Amino acid sequence: MSANTGELVGAFVTPPIALPQLVPSRTCLQCDVCCRFPDPDSALRPYFTENEITQALAGGIEATAFPNRLGSQVILVPEPHGEGYLCPAFDAATSTCRIYEQRPLDCQLYPLALMWNEPHDQVLLGWDTKCPFMREEIPGEIQRHADRVMALLDQPDILDHVVAHPRLIGRFQEDVVVLALLSRLTDAVAKQWGTAPLHRFTLDDIPRMTTVLDRSGWRHAQSLAAYSPVYHYMWNGLLAYWWMELEGAFCLFAQSPDGWFMPLPPIGAGSIDKSLCGAMGLLRRWNGDSPVSRVENVPSQLVSEFERLGYRLTPKEPDYLYRATDLEALAGDRYRSQRALCNRFEREQPFEVSTYQVGDRQDCRALLADWSRQKQAEGLESFGAMLLADAASAHEVIWSQASALRLTGKVVKIHGRLCAYTFGYWLTSRTFCVLLEVADRTVPGLAQYLFWETCRMAVAEGAEYINTMDDAGLPGLRASKQAYHPIILIPNVAAFPACAS
Ligand code: SF4
């Protein structure tokens with residue numbers, strides 16, 4: 001990740017941290033590998049520490065690029081004339097970095113890379129074979145460069161910088177050639193973050209999480225929509241998700257601007273006593289006494305166990321669960337207004353419904369922008385506006401990775417213009433969850449029709465229940481969800497340790 005506009009090998013850049021560069025600028029300017037990414041949540045997006053964010057902001061990068069001012073991977077922007085995504089600091093017209101002199105350590109290191117070994121117990125320094133220059137470079141020269149970088153990584157300020165930001169250490173990649181084991185860094189990271197391997201939660205981890213959820217018994221037709229990996233994974237562009245095995249349980253952690261929390265209890269068969277105790281110990285270590293330490297989406301089966309362990313339980317917004325055939329039929333007086341709107345839409349609009357294709361992404365993006373403007377013009381409350389802004393990166397992840405995430409997506413076009421889209425997933429073979437819906441608000445009945453269409457599709461494929469998730473505490477959303485007559489509000493509880501000690 002180094003769109004190099006600096007001049008030569010070995011040139012040092014400005015403090016606080018400056019590493020020598022191996023790849024000459026003429027090579028970087030001709031290359032189309034760095035700073036561009038296929039997916040919005042690419043694990044290789046550059047990570048900026050707090051200082052580096054401050055410098056990037058001073059260099060003109062927009063604040064919205066950084067979901068967490070204390071340190072975060074950058075939020076990528078869509079490539080204006082292509083299918084991929086760009087670092088917001090990258091100037092596509094000149095193929096250069098707009099903040100080259102202040103670019104983060106993560107970018108300065110490239111094409112060297114810090115990563116874990118395969119068992120995840122040693123930090124390694126390697127070089128990335130994706131860099132075309134390195135494939136031509138003489139091994140002796142690479143090793144000499146690596147030796148210089150390793151000497152710098154041993155300096156206390158740089159060592160502390162990496163330890164404070166473990167996301168600078170990537171997961172094992174087979175196409176990175178290992179140059180050295182970094183024992184001092186490994187020990188320092190273990191001292192700060194614990195010895196159990198902490199892994200970034202990526203697409204590759206979804207089958208593992210699916211398997212443990214299936215074994216847990218918590219996922220069933222009437223459980224919370226949160227008992228699905230995709231529910232969490234979609235926020236990967238915004239938050240950092242991590243996982244580790246503790247006492248045989250799969251523990252998912254989310255790193256938010258406020259601190260770390262568990263979006264789900266430890267997932268495993270049997271008692272959670274030991275794994276929960278271990279996970280809470282880590283949260284205390286990472287968050288200190290902050291009240292952000294908590295476990296979200298506690299299933300009803302575990303409520304008494306959390307109480308026994310002394311946790312304080314707080315109700316959260318429940319999920320709305322509907323009988324699928326009710327929503328398919330929209331029969332009777334209680335659905336009269338929705339039925340009328342659907343009929344009006346069918347009568348008035350020459351529309352077509354089709355399965356979402358990744359080529360619809362640009363049109364979805366344009367619709368989301370229009371829809372957000374429509375919502376704001378209607379006087380959206382500030383919390384709703386914040387949720388909308390946060391959701392943009394999740395929509396990008398979904399448009400880009402719908403197929404890999406096994407999401408069901410539909411789009412509605414009127415006169416060939418994409419004017420609505422929806423995505424959902426099967427929680428179990430009996431329950432379909434509606435993850436998101438966006439419909440042009442100027443077209444009467446479109447939103448109702450889209451939801452009806454989704455429910456009819458789900459019933460045709462065997463759904464007994466439709467879960468539309470929670471209402472985020474927004475009164476308007478609550479009213480529209482209630483108007484469809486849920487059969488159950490699935491309780492949702494967050495658990496807080498009784499005391500911070
Ligand atoms: S900060 Fe600069 S060097 Fe790093 S990825 Fe972005 S554009 Fe490239």
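All of these numbers come straight from a predicted model, not from anything done at the bench. In each ligand, atom 1 is the first atom listed, and ligand 1 is the first ligand listed. The basis for the numbers below is simple: all heavy atoms, side chains too, and nothing from hydrogens, waters or symmetry mates.
Close contacts between ligand 1 and F90 involve ligand atoms 7 (S) [criterion: under 4.0 Å to a heavy atom]. For ligand 1 and P46, the ligand atoms under 4.0 Å from any heavy atom of the residue are 5 (S).
A cation-pi arrangement is not found for R171 relative to W116, the charged atom failing to lie both closer than 6.0 Å to the ring centre and inside a 45° cone about the ring normal.
Using modelled atom types, one side-chain atom of N117 and one backbone atom of H120 make a donor-acceptor pair closer than 3.5 Å. When atom types are taken as modelled, the side chain of Q21 and the backbone of Q108 share a donor-acceptor pair closer than 3.5 angstrom.
For C107, every N, O or S atom stays at 2.8 Å or more from atom 2 (Fe) of ligand 1. The distance from atom 6 (Fe) of ligand 1 to the nearest N/O/S atom of C87 is under 2.8 Å.
Screening I267, T210, L224, V212 for a side-chain contact (heavy atoms from CB on, under 4.5 Å) involving R219 leaves a single residue, T210.
Between V74 and P88 the shortest heavy-atom distance is CG2-CG, 3.5 Å.
Using a non-hydrogen distance threshold of 4.0 Å, C34 does not register as a contact of ligand 1.
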